[in-house]
Each structure stands twice: as structure tokens, then as C-alpha cells.
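Below: one structure, written as C-alpha cells.
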Amino acid sequence: MKTIIIIFLFAICSKAYSQPTIIGKWRRLDDTSKNRDKNNKQLRFGDMEIRSDSTFHIKGDSTTNTSTVSGWHVGDELNGTWEKLDAQHFIFWVGHKNDKMFISYTIEKLNKNNLILSIGPARKKVHKIKFKRL
């Protein structure tokens with residue numbers, strides 16, 4: 001009986017330990033750019049890095065920082081902290097958490113090499129974003 005319990009506990013611990021992690025560098029696949037090098041490990045516009053110290057970085061278009069054109073610019077770098085709410089939901093706190101600016105995601109799929117996130121209300125998945133692990 002003890003042997004069965006030990007095997008059962010080992011199986012549960014092994015399964016929990018083998019869960020894929022969201023931590024790592026991710027290449028955005030559904031970008032409008034057609035010539036994306038999916039094998040280059042260097043972060044490019046739209047890629048993100050989720051770090052084990054609960055910080056994140058989303059690579060932006062650095063030309064917006066040096067632009068002389070007035071008006072709105074999109075594609076800035078995003079940095080901040082992240083927080084996992086449960087097995088399928090996490091939040092990116094942009095800048096400082098006290099600023100209360102956040103992006104909420106639902107994890108649709110996570111395995112060793114692929115990540116699919118959705119943004120939007122719980123019942124209406126508004127937009128899905130696909131990533132490949134770098």
C-alpha cells in the first residue's frame with residue numbers, strides 16, 4: 001500500500017514539475033511583417049521577454065523615441081512587472097504597479113514552444129496573439 005501511495009505522489013509531483021513555464025523569450029508570430037526570422041534569438045519589434053523575477057519587456061519600435069514627427073506614436077517599448085492570477089490568467093503591470101496601468105491576458109495554449117494569449121472579456125475572446133519560444 002505504501003508503495004502505491006509513493007508511486008501516486010511521485011506521478012503527481014512529476015506532472016506538476018513538468019508543466020511548461022511562461023518564463024522566457026517569445027517571438028510574436030501573427031505580426032503583420034511577412035519577413036520575420038523566426039529562428040533569430042535577438043528580440044525584435046513585438047517580441048516579449050517574461051523574466052523569473054516577475055518583470056517583463058516587450059520590444060518596441062525604438063525609432064518612435066527619436067522621431068521628429070509630432071503627434072501620436074505607437075510601438076513604444078513596454079516594461080513592468082507581471083503577476084499570475086491563476087493557471088490561465090496573468091496581468092502585465094506597465095510601469096509601476098501604483099500607476100494602475102495594466103494589460104490582462106488569458107493563456108489559451110502554453111506548451112514547451114508555443115504560447116497563445118487572448119485579450120478581452122472572459123466570454124468574448126477579442127484578439128488572440130501567437131508566440132513561439134526563442
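Values in this document were obtained by computation on a predicted structure and should not be read as measured data.
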Single-linkage hydrophobic cluster, 4.5 Å side-chain cutoff, I91 and L115 together
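No, separate clusters.
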For D47 and R28, indicate whether the former's side chain and the latter's backbone hold a donor-acceptor pair under 3.5 Å.
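Yes: the side chain of D47 pairs with the backbone of R28.
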Using only atom types and a distance under 3.5 Å, with no angle test, would you say the side chain of E49 pairs donor to acceptor with the backbone of H57?
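No.
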Residues two or more places apart in sequence or in another chain: which of them pass side-chain contact (heavy atoms from CB on, under 4.5 Å) with Q88?
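With neighbours one apart ignored, the set is D86.
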Taking the six-membered ring for Trp, are W93 and F102 parallel (under 30°), tilted (30 to 60°) or perpendicular (over 60°)?
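If you compare the ring of W93 with that of F102, the planes turn out tilted.
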Intermediate values then yes/no, side-chain contact (heavy atoms from CB on, under 4.5 Å), F90 and I107
CA-CA 8 Å; F90 72 99; I107 300 170; 3.7 Å; yes
Shortest non-hydrogen contact from [X] toward [Y]:
X	Y	result
T21	R133	O-NH2, 2.6 Å
P20	L110	CG-O, 3.5 Å
G60	E77	N-OE2, 3.0 Å
W82	I23	CZ2-CG1, 4.0 Å

Do M48 and F92 pass the side-chain contact (heavy atoms from CB on, under 4.5 Å) test, and can you show the C-alpha distance, the side-chain angles, and the key distance before you say yes or no?
CA-CA 11 Å; M48 70 177 171; F92 281 158; 3.9 Å; yes
Full working for side-chain contact (heavy atoms from CB on, under 4.5 Å) between F131 and L117
CA-CA 8 Å; F131 294 90; L117 302 176; 3.8 Å; yes
